[in-house]
Protein chains: 2
Amino acid sequence: MEQEKENPQTNPEIQDKILLAALTLFTNKGYFNTSLNDIAKVAELDNTQIIYNYFANKHAIATTLYNNILDNLSISIDDIKRRNSTASEQLRSIVDLLFKLTDDAPSIMHFLLILKIREFLPEQRALNESPAFIKILKIIQTGIRSGEIRNIDPQLANAYFFGVINNTLRMVLNGTLDKKADSYQSQTWLMAWNIIAKKSSVF
Amino acid sequence: MEQEKENPQTNPEIQDKILLAALTLFTNKGYFNTSLNDIAKVAELDNTQIIYNYFANKHAIATTLYNNILDNLSISIDDIKRRNSTASEQLRSIVDLLFKLTDDAPSIMHFLLILKIREFLPEQRALNESPAFIKILKIIQTGIRSGEIRNIDPQLANAYFFGVINNTLRMVLNGTLDKKADSYQSQTWLMAWNIIAKKSSVF
DNA sequence: GTCTATACGCCGATAGAC
DNA sequence: GTCTATCGGCGTATAGAC
(Lines give C-alpha, C1' and ligand atoms only; values in the text may rest on other atoms or scores of the structure.)
Protein backbone atom coordinates (compact mmCIF):
# COMPACT_ATOMS: atom_id res chain seq x y z
CA MET A 1 0.00 0.00 0.00
CA GLU A 2 2.56 2.45 1.14
CA GLN A 3 5.47 1.05 -0.77
CA GLU A 4 6.82 0.81 -4.20
CA LYS A 5 5.53 -2.34 -5.84
CA GLU A 6 8.01 -5.15 -5.64
CA ASN A 7 7.63 -6.56 -9.11
CA PRO A 8 6.98 -3.81 -11.54
CA GLN A 9 6.00 -5.77 -14.58
CA THR A 10 7.14 -2.98 -16.80
CA ASN A 11 10.01 -0.80 -17.80
CA PRO A 12 12.12 0.33 -14.86
CA GLU A 13 12.99 3.44 -16.83
CA ILE A 14 9.39 4.53 -16.49
CA GLN A 15 9.65 4.22 -12.75
CA ASP A 16 12.65 6.51 -12.80
CA LYS A 17 10.81 8.99 -15.00
CA ILE A 18 7.95 9.05 -12.54
CA LEU A 19 10.29 9.59 -9.60
CA LEU A 20 12.17 12.33 -11.42
CA ALA A 21 8.96 14.08 -12.42
CA ALA A 22 7.67 13.87 -8.87
CA LEU A 23 10.93 15.24 -7.47
CA THR A 24 10.82 18.17 -9.85
CA LEU A 25 7.19 18.95 -9.15
CA PHE A 26 7.35 18.47 -5.40
CA THR A 27 10.28 20.86 -5.13
CA ASN A 28 8.83 23.41 -7.57
CA LYS A 29 5.18 23.47 -6.52
CA GLY A 30 5.06 21.45 -3.34
CA TYR A 31 3.61 18.02 -2.66
CA PHE A 32 0.04 19.17 -2.14
CA ASN A 33 -0.01 21.36 -5.22
CA THR A 34 1.10 18.43 -7.35
CA SER A 35 -1.52 16.05 -8.74
CA LEU A 36 -0.94 12.63 -10.23
CA ASN A 37 -1.99 14.21 -13.50
CA ASP A 38 0.87 16.68 -13.23
CA ILE A 39 3.31 13.87 -12.60
CA ALA A 40 2.02 11.86 -15.54
CA LYS A 41 2.36 14.86 -17.84
CA VAL A 42 5.91 15.71 -16.81
CA ALA A 43 6.89 12.04 -16.98
CA GLU A 44 5.39 11.98 -20.48
CA LEU A 45 3.05 9.11 -19.78
CA ASP A 46 0.06 8.63 -22.05
CA ASN A 47 -2.08 7.91 -19.09
CA THR A 48 -2.23 8.88 -15.44
CA GLN A 49 -3.20 5.38 -14.45
CA ILE A 50 0.14 3.96 -15.56
CA ILE A 51 1.55 5.37 -12.34
CA TYR A 52 -0.44 2.77 -10.43
CA ASN A 53 1.57 0.02 -12.11
CA TYR A 54 4.63 1.28 -10.29
CA PHE A 55 3.36 2.85 -7.09
CA ALA A 56 0.42 2.11 -4.85
CA ASN A 57 -0.41 5.78 -4.50
CA LYS A 58 0.97 9.29 -4.48
CA HIS A 59 2.25 8.90 -0.95
CA ALA A 60 4.34 5.90 -1.95
CA ILE A 61 6.07 7.95 -4.62
CA ALA A 62 7.16 10.47 -2.01
CA THR A 63 8.28 7.72 0.36
CA THR A 64 10.40 6.11 -2.32
CA LEU A 65 11.95 9.43 -3.26
CA TYR A 66 12.76 10.18 0.35
CA ASN A 67 14.32 6.79 0.98
CA ASN A 68 16.31 6.84 -2.25
CA ILE A 69 17.79 10.23 -1.47
CA LEU A 70 18.67 9.31 2.10
CA ASP A 71 20.08 5.94 1.09
CA ASN A 72 22.35 7.49 -1.49
CA LEU A 73 23.48 10.10 0.97
CA SER A 74 24.24 7.46 3.56
CA ILE A 75 26.24 5.43 1.08
CA SER A 76 28.22 8.48 0.03
CA ILE A 77 29.04 9.22 3.65
CA ASP A 78 30.22 5.66 4.21
CA ASP A 79 32.46 6.09 1.24
CA ILE A 80 33.79 9.39 2.54
CA LYS A 81 34.54 7.87 5.93
CA ARG A 82 36.46 5.08 4.28
CA ARG A 83 38.58 7.42 2.20
CA ASN A 84 39.32 10.02 4.89
CA SER A 85 40.63 9.56 8.38
CA THR A 86 40.28 12.85 10.25
CA ALA A 87 37.02 14.54 11.18
CA SER A 88 38.19 17.63 9.38
CA GLU A 89 38.80 15.74 6.14
CA GLN A 90 35.54 13.86 6.43
CA LEU A 91 33.51 16.99 7.01
CA ARG A 92 35.39 18.70 4.21
CA SER A 93 34.38 15.92 1.83
CA ILE A 94 30.76 16.02 2.97
CA VAL A 95 30.67 19.76 2.34
CA ASP A 96 32.20 19.11 -1.04
CA LEU A 97 29.43 16.65 -1.81
CA LEU A 98 26.67 19.01 -0.70
CA PHE A 99 28.00 21.89 -2.79
CA LYS A 100 28.36 19.63 -5.82
CA LEU A 101 24.80 18.38 -5.38
CA THR A 102 23.53 21.95 -5.13
CA ASP A 103 25.01 22.78 -8.52
CA ASP A 104 24.41 19.46 -10.26
CA ALA A 105 21.19 18.18 -8.69
CA PRO A 106 19.51 21.17 -7.07
CA SER A 107 16.21 19.34 -6.76
CA ILE A 108 17.76 16.84 -4.39
CA MET A 109 19.19 19.56 -2.19
CA HIS A 110 15.93 21.44 -2.38
CA PHE A 111 14.17 18.31 -1.19
CA LEU A 112 16.59 17.95 1.73
CA LEU A 113 16.98 21.58 2.78
CA ILE A 114 13.77 23.35 1.91
CA LEU A 115 10.83 20.97 1.73
CA LYS A 116 8.92 20.43 4.92
CA ILE A 117 8.94 16.67 4.60
CA ARG A 118 6.97 15.94 7.76
CA GLU A 119 4.01 17.70 6.25
CA PHE A 120 3.47 15.01 3.64
CA LEU A 121 5.42 12.11 5.19
CA PRO A 122 4.43 12.43 8.85
CA GLU A 123 5.18 8.79 9.59
CA GLN A 124 8.82 9.03 8.47
CA ARG A 125 11.48 9.69 11.06
CA ALA A 126 12.93 13.18 11.05
CA LEU A 127 15.91 13.91 8.85
CA ASN A 128 18.31 14.17 11.77
CA GLU A 129 17.34 10.70 12.93
CA SER A 130 18.20 9.11 9.60
CA PRO A 131 21.37 7.02 9.28
CA ALA A 132 23.09 9.61 7.13
CA PHE A 133 22.64 12.39 9.66
CA ILE A 134 23.48 10.18 12.62
CA LYS A 135 26.75 9.35 10.90
CA ILE A 136 27.53 13.03 10.52
CA LEU A 137 26.90 13.62 14.20
CA LYS A 138 29.23 10.73 15.01
CA ILE A 139 31.97 12.30 12.92
CA ILE A 140 31.62 15.44 14.99
CA GLN A 141 31.74 13.47 18.22
CA THR A 142 34.86 11.69 17.05
CA GLY A 143 36.41 15.02 16.17
CA ILE A 144 35.72 16.29 19.66
CA ARG A 145 37.33 13.25 21.25
CA SER A 146 40.37 13.47 19.01
CA GLY A 147 40.83 17.15 19.86
CA GLU A 148 40.16 18.46 16.36
CA ILE A 149 36.89 20.07 17.38
CA ARG A 150 36.24 22.23 20.40
CA ASN A 151 34.62 20.56 23.36
CA ILE A 152 31.02 21.71 23.07
CA ASP A 153 27.69 19.91 22.83
CA PRO A 154 27.96 17.90 19.58
CA GLN A 155 24.44 18.90 18.58
CA LEU A 156 25.39 22.54 18.99
CA ALA A 157 28.52 22.08 16.93
CA ASN A 158 26.32 20.39 14.36
CA ALA A 159 23.86 23.30 14.46
CA TYR A 160 26.60 25.88 13.96
CA PHE A 161 28.58 24.07 11.30
CA PHE A 162 25.64 23.07 9.13
CA GLY A 163 23.87 26.32 9.90
CA VAL A 164 26.54 28.09 7.89
CA ILE A 165 26.77 25.43 5.19
CA ASN A 166 23.08 24.78 4.69
CA ASN A 167 21.97 28.37 4.90
CA THR A 168 24.47 29.32 2.24
CA LEU A 169 23.21 26.51 0.03
CA ARG A 170 19.61 27.52 0.69
CA MET A 171 20.38 31.01 -0.50
CA VAL A 172 22.00 29.66 -3.63
CA LEU A 173 18.97 27.46 -4.27
CA ASN A 174 16.51 30.33 -3.94
CA GLY A 175 18.64 32.77 -5.88
CA THR A 176 19.49 35.19 -3.08
CA LEU A 177 23.12 34.31 -3.72
CA ASP A 178 23.36 34.55 -7.47
CA LYS A 179 26.48 32.62 -8.33
CA LYS A 180 27.00 28.88 -8.42
CA ALA A 181 27.44 27.16 -5.08
CA ASP A 182 30.92 26.20 -6.19
CA SER A 183 32.14 29.80 -6.06
CA TYR A 184 31.24 30.13 -2.38
CA GLN A 185 32.55 26.76 -1.31
CA SER A 186 36.08 27.33 -0.07
CA GLN A 187 35.23 30.48 1.84
CA THR A 188 32.12 28.95 3.37
CA TRP A 189 33.95 25.83 4.43
CA LEU A 190 36.57 27.92 6.20
CA MET A 191 33.95 29.90 8.07
CA ALA A 192 32.01 26.84 9.14
CA TRP A 193 35.06 24.86 10.14
CA ASN A 194 36.63 27.70 12.11
CA ILE A 195 33.54 27.98 14.27
CA ILE A 196 33.95 24.48 15.59
CA ALA A 197 37.68 23.83 15.15
CA LYS A 198 39.85 23.84 18.25
CA LYS A 199 42.35 26.27 16.80
CA SER A 200 41.88 28.50 13.81
CA SER A 201 44.90 26.78 12.37
CA VAL A 202 43.48 26.99 8.88
CA PHE A 203 44.20 30.69 8.52
CA MET B 1 -11.36 38.45 -1.97
CA GLU B 2 -7.83 37.93 -0.93
CA GLN B 3 -7.84 40.24 2.00
CA GLU B 4 -9.17 40.54 5.45
CA LYS B 5 -12.57 42.22 5.40
CA GLU B 6 -12.32 45.88 6.18
CA ASN B 7 -15.34 46.23 8.40
CA PRO B 8 -15.83 43.12 10.45
CA GLN B 9 -19.22 43.75 11.89
CA THR B 10 -18.40 41.57 14.86
CA ASN B 11 -16.09 41.02 17.72
CA PRO B 12 -12.46 41.68 16.85
CA GLU B 13 -11.49 39.17 19.51
CA ILE B 14 -12.97 36.49 17.34
CA GLN B 15 -10.77 37.53 14.50
CA ASP B 16 -7.74 37.15 16.76
CA LYS B 17 -8.92 33.74 17.87
CA ILE B 18 -9.21 32.65 14.26
CA LEU B 19 -5.74 33.94 13.46
CA LEU B 20 -4.25 32.27 16.51
CA ALA B 21 -5.96 28.97 15.74
CA ALA B 22 -4.76 29.15 12.16
CA LEU B 23 -1.20 29.92 13.23
CA THR B 24 -1.19 26.96 15.60
CA LEU B 25 -2.62 24.56 13.07
CA PHE B 26 -0.55 25.74 10.12
CA THR B 27 2.64 25.28 12.10
CA ASN B 28 1.60 21.96 13.64
CA LYS B 29 -0.01 20.23 10.69
CA GLY B 30 0.77 22.42 7.74
CA TYR B 31 -1.47 24.67 5.68
CA PHE B 32 -2.81 21.99 3.39
CA ASN B 33 -3.55 19.57 6.19
CA THR B 34 -5.61 22.21 7.96
CA SER B 35 -9.28 22.61 7.04
CA LEU B 36 -11.55 25.51 7.89
CA ASN B 37 -13.35 23.05 10.13
CA ASP B 38 -10.15 22.49 12.09
CA ILE B 39 -9.69 26.22 12.51
CA ALA B 40 -13.28 26.72 13.67
CA LYS B 41 -12.88 23.95 16.23
CA VAL B 42 -9.63 25.25 17.69
CA ALA B 43 -11.00 28.80 17.71
CA GLU B 44 -14.04 27.45 19.54
CA LEU B 45 -16.54 28.77 17.06
CA ASP B 46 -19.98 27.23 16.99
CA ASN B 47 -19.91 27.27 13.27
CA THR B 48 -17.35 27.04 10.50
CA GLN B 49 -19.17 29.65 8.47
CA ILE B 50 -18.47 32.36 11.03
CA ILE B 51 -14.96 32.49 9.61
CA TYR B 52 -16.40 33.99 6.44
CA ASN B 53 -17.54 37.01 8.44
CA TYR B 54 -13.92 37.87 9.03
CA PHE B 55 -12.01 36.47 6.09
CA ALA B 56 -12.89 35.95 2.47
CA ASN B 57 -11.29 32.52 2.42
CA LYS B 58 -8.61 30.32 3.90
CA HIS B 59 -5.95 31.94 1.80
CA ALA B 60 -6.80 35.36 3.24
CA ILE B 61 -6.25 34.04 6.75
CA ALA B 62 -2.74 32.97 5.84
CA THR B 63 -2.03 36.26 4.10
CA THR B 64 -3.14 38.25 7.14
CA LEU B 65 -1.02 36.08 9.43
CA TYR B 66 2.00 36.52 7.22
CA ASN B 67 1.62 40.28 7.01
CA ASN B 68 0.97 40.67 10.73
CA ILE B 69 4.08 38.74 11.63
CA LEU B 70 6.28 40.61 9.19
CA ASP B 71 4.83 43.97 10.17
CA ASN B 72 5.49 43.36 13.84
CA LEU B 73 9.00 42.20 13.07
CA SER B 74 9.66 45.27 10.99
CA ILE B 75 8.38 47.55 13.75
CA SER B 76 10.57 45.80 16.31
CA ILE B 77 13.59 46.28 14.10
CA ASP B 78 12.85 49.97 13.69
CA ASP B 79 12.70 50.21 17.43
CA ILE B 80 15.99 48.37 17.82
CA LYS B 81 17.69 50.65 15.33
CA ARG B 82 16.48 53.67 17.25
CA ARG B 83 17.78 52.40 20.57
CA ASN B 84 21.16 51.10 19.40
CA SER B 85 23.80 52.78 17.34
CA THR B 86 26.38 50.20 16.27
CA ALA B 87 25.75 47.30 13.93
CA SER B 88 26.98 44.96 16.62
CA GLU B 89 24.47 46.26 19.16
CA GLN B 90 21.65 46.23 16.66
CA LEU B 91 22.33 42.68 15.57
CA ARG B 92 22.71 41.67 19.22
CA SER B 93 19.26 43.05 19.96
CA ILE B 94 17.73 41.34 16.95
CA VAL B 95 19.21 38.03 18.08
CA ASP B 96 17.83 38.74 21.52
CA LEU B 97 14.39 39.24 20.02
CA LEU B 98 14.54 36.06 17.95
CA PHE B 99 15.59 33.93 20.92
CA LYS B 100 12.85 35.45 23.08
CA LEU B 101 10.27 34.76 20.40
CA THR B 102 11.45 31.17 20.12
CA ASP B 103 10.79 30.59 23.81
CA ASP B 104 7.68 32.75 24.19
CA ALA B 105 5.96 32.47 20.82
CA PRO B 106 7.40 29.41 19.12
CA SER B 107 4.60 29.31 16.57
CA ILE B 108 5.69 32.64 15.17
CA MET B 109 9.27 31.49 14.80
CA HIS B 110 8.09 28.20 13.38
CA PHE B 111 6.11 30.15 10.80
CA LEU B 112 9.16 32.23 9.87
CA LEU B 113 11.87 29.58 9.97
CA ILE B 114 10.26 26.27 9.10
CA LEU B 115 7.11 26.71 7.05
CA LYS B 116 7.51 26.79 3.31
CA ILE B 117 5.44 29.91 2.86
CA ARG B 118 5.73 30.07 -0.91
CA GLU B 119 3.88 26.81 -1.16
CA PHE B 120 0.62 28.31 0.08
CA LEU B 121 1.28 32.01 -0.53
CA PRO B 122 3.00 31.90 -3.92
CA GLU B 123 2.04 35.48 -4.75
CA GLN B 124 3.78 36.95 -1.70
CA ARG B 125 7.28 38.26 -2.01
CA ALA B 126 9.96 36.08 -0.48
CA LEU B 127 10.89 36.59 3.15
CA ASN B 128 14.24 38.12 2.33
CA GLU B 129 12.56 40.75 0.18
CA SER B 130 10.32 41.91 3.00
CA PRO B 131 11.04 45.25 4.74
CA ALA B 132 12.15 43.54 7.94
CA PHE B 133 14.79 41.46 6.20
CA ILE B 134 15.94 44.28 3.97
CA LYS B 135 16.54 46.35 7.09
CA ILE B 136 18.68 43.58 8.54
CA LEU B 137 20.76 43.47 5.40
CA LYS B 138 21.21 47.22 5.60
CA ILE B 139 22.48 46.91 9.17
CA ILE B 140 25.09 44.48 7.91
CA GLN B 141 26.09 46.79 5.09
CA THR B 142 26.43 49.67 7.53
CA GLY B 143 28.57 47.50 9.76
CA ILE B 144 30.86 46.72 6.85
CA ARG B 145 31.25 50.39 5.99
CA SER B 146 31.94 51.33 9.60
CA GLY B 147 34.59 48.62 9.90
CA GLU B 148 32.77 46.53 12.48
CA ILE B 149 32.16 43.72 10.04
CA ARG B 150 34.65 42.13 7.67
CA ASN B 151 34.52 43.27 4.10
CA ILE B 152 32.70 40.40 2.40
CA ASP B 153 29.56 40.18 0.28
CA PRO B 154 26.78 41.41 2.61
CA GLN B 155 24.50 38.60 1.50
CA LEU B 156 27.19 36.08 2.41
CA ALA B 157 27.68 37.69 5.81
CA ASN B 158 23.93 37.50 6.20
CA ALA B 159 23.93 33.83 5.21
CA TYR B 160 26.66 32.96 7.69
CA PHE B 161 25.40 34.99 10.62
CA PHE B 162 21.79 33.94 10.39
CA GLY B 163 22.77 30.46 9.34
CA VAL B 164 24.16 29.95 12.82
CA ILE B 165 21.34 31.82 14.59
CA ASN B 166 18.40 30.38 12.68
CA ASN B 167 19.69 26.83 12.53
CA THR B 168 20.15 26.82 16.27
CA LEU B 169 16.63 28.13 16.74
CA ARG B 170 15.28 25.57 14.27
CA MET B 171 16.83 22.79 16.30
CA VAL B 172 15.31 24.19 19.47
CA LEU B 173 11.92 24.37 17.77
CA ASN B 174 12.04 20.78 16.59
CA GLY B 175 13.47 19.43 19.83
CA THR B 176 16.89 18.35 18.59
CA LEU B 177 18.32 20.81 21.08
CA ASP B 178 16.37 20.05 24.20
CA LYS B 179 16.82 23.12 26.36
CA LYS B 180 15.18 26.51 26.03
CA ALA B 181 16.58 28.79 23.36
CA ASP B 182 17.60 31.17 26.12
CA SER B 183 20.26 28.79 27.41
CA TYR B 184 22.04 28.72 24.05
CA GLN B 185 21.79 32.41 23.36
CA SER B 186 25.02 33.97 24.59
CA GLN B 187 27.21 31.23 23.17
CA THR B 188 25.41 31.23 19.85
CA TRP B 189 25.58 35.00 19.53
CA LEU B 190 29.34 34.88 20.08
CA MET B 191 29.79 32.22 17.43
CA ALA B 192 27.66 34.02 14.87
CA TRP B 193 29.18 37.42 15.52
CA ASN B 194 32.76 36.20 15.43
CA ILE B 195 32.23 34.79 11.96
CA ILE B 196 31.50 38.18 10.52
CA ALA B 197 33.23 40.55 12.97
CA LYS B 198 36.43 42.23 11.80
CA LYS B 199 38.38 41.18 14.86
CA SER B 200 37.46 38.50 17.31
CA SER B 201 37.66 41.17 19.96
CA VAL B 202 34.81 39.61 21.88
CA PHE B 203 36.94 36.80 23.24
C1' DG C 1 -25.05 37.98 12.06
C1' DT C 2 -26.01 32.84 12.82
C1' DC C 3 -26.63 28.54 11.05
C1' DT C 4 -28.26 24.59 8.00
C1' DA C 5 -28.19 22.74 3.81
C1' DT C 6 -26.06 22.01 -0.14
C1' DA C 7 -23.63 22.96 -4.44
C1' DC C 8 -19.41 22.34 -6.80
C1' DG C 9 -14.80 21.09 -8.10
C1' DC C 10 -10.90 18.52 -7.61
C1' DC C 11 -8.39 14.57 -7.22
C1' DG C 12 -7.14 10.11 -5.67
C1' DA C 13 -8.36 5.69 -6.48
C1' DT C 14 -11.15 1.65 -8.38
C1' DA C 15 -13.60 -1.20 -11.85
C1' DG C 16 -13.60 -3.39 -15.76
C1' DA C 17 -13.44 -3.67 -20.89
C1' DC C 18 -9.98 -4.60 -24.23
C1' DG D 1 -0.43 -3.96 -19.19
C1' DT D 2 -3.31 -0.04 -21.32
C1' DC D 3 -6.94 2.92 -21.05
C1' DT D 4 -11.73 4.81 -20.34
C1' DA D 5 -15.15 5.64 -17.33
C1' DT D 6 -16.49 6.63 -13.03
C1' DC D 7 -16.91 6.47 -8.03
C1' DG D 8 -16.45 8.56 -3.63
C1' DG D 9 -14.73 11.66 -0.40
C1' DC D 10 -13.19 15.86 1.18
C1' DG D 11 -13.27 20.57 1.75
C1' DT D 12 -14.20 25.18 0.09
C1' DA D 13 -17.58 28.17 -0.69
C1' DT D 14 -22.45 29.73 -1.63
C1' DA D 15 -27.47 30.19 -0.98
C1' DG D 16 -30.90 31.28 1.72
C1' DA D 17 -33.92 30.68 5.83
C1' DC D 18 -34.29 32.65 10.31
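Keep in mind the model is a prediction, meaning the values are calculated, not measured. Letters A, B, ... are given to chains in the order of the sequence lines, protein chains preceding strands, and every chain is numbered from 1.
- Rounded to whole Å, atom C1' of dT12(D) lies 14 Å from atom NE2 of His59(B).
- Other residues, nucleotides and ligands place no more than 12 heavy atoms under 6.0 Å from the NZ atom of Lys138(B).
- Within residues 20-40 of chain B, no residue has any heavy atom closer than 4.0 Å to DNA chain C.
- Residues passing the side chain to side chain donor-acceptor pair (under 3.5 Å) test with Ser35(A) are Asp38(A), sequence neighbours excluded.
- Residues satisfying the side chain to side chain contact (heavy atoms under 4.5 Å, CB included) criterion with Ala22(A), sequence neighbours excluded, are Phe26(A), Ile39(A), Ile61(A), Leu65(A).
- Atoms CG (Asn57(A)) and C1' (dC11(C)) sit 13 Å apart, rounded to a whole Å.
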Might you list the N or O atoms of the protein lying below 3.5 Å from N or O atoms in nucleotides 2-10 of chain C, with each pair's distance?
from	atom 1	to	atom 2	distance (Å)
dT2(C)	OP2	Asn53(B)	ND2	2.7

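- For the side chain to side chain donor-acceptor pair (under 3.5 Å) test, residues two or more places apart in sequence or in another chain that qualify with Thr176(A) are Asn174(A), Asn128(B).
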Compile the donor-acceptor pairs under 3.5 Å between side chains in residues 69-78 of chain A and protein atoms, sequence neighbours left out, one pair per line.
from	atom 1	to	atom 2	distance (Å)
Asn72(A)	ND2	Asn68(A)	O	3.3
Ser74(A)	OG	Lys135(A)	NZ	2.5
Ser76(A)	OG	Asn72(A)	O	3.0
Asp78(A)	OD1	Lys135(A)	NZ	3.0
Asp78(A)	OD2	Lys135(A)	NZ	3.2

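- Glu119(B) is linked by a side chain to side chain donor-acceptor pair (under 3.5 Å) to nothing, counting only residues two or more places apart in sequence or in another chain.
- Considering only side-chain N and O atoms, Tyr52(B) lies nowhere under 4.0 angstrom from the phosphate OP1 or OP2 of dT14(D).
- The side chain to side chain donor-acceptor pair (under 3.5 Å) test applied to Thr188(B) returns Tyr160(A), not counting sequence neighbours.
- Shown here are the salt bridge (Lys or Arg N to Asp or Glu O under 4.0 Å) partners of Glu44(A), two or more places apart in sequence or in another chain: Lys17(A).
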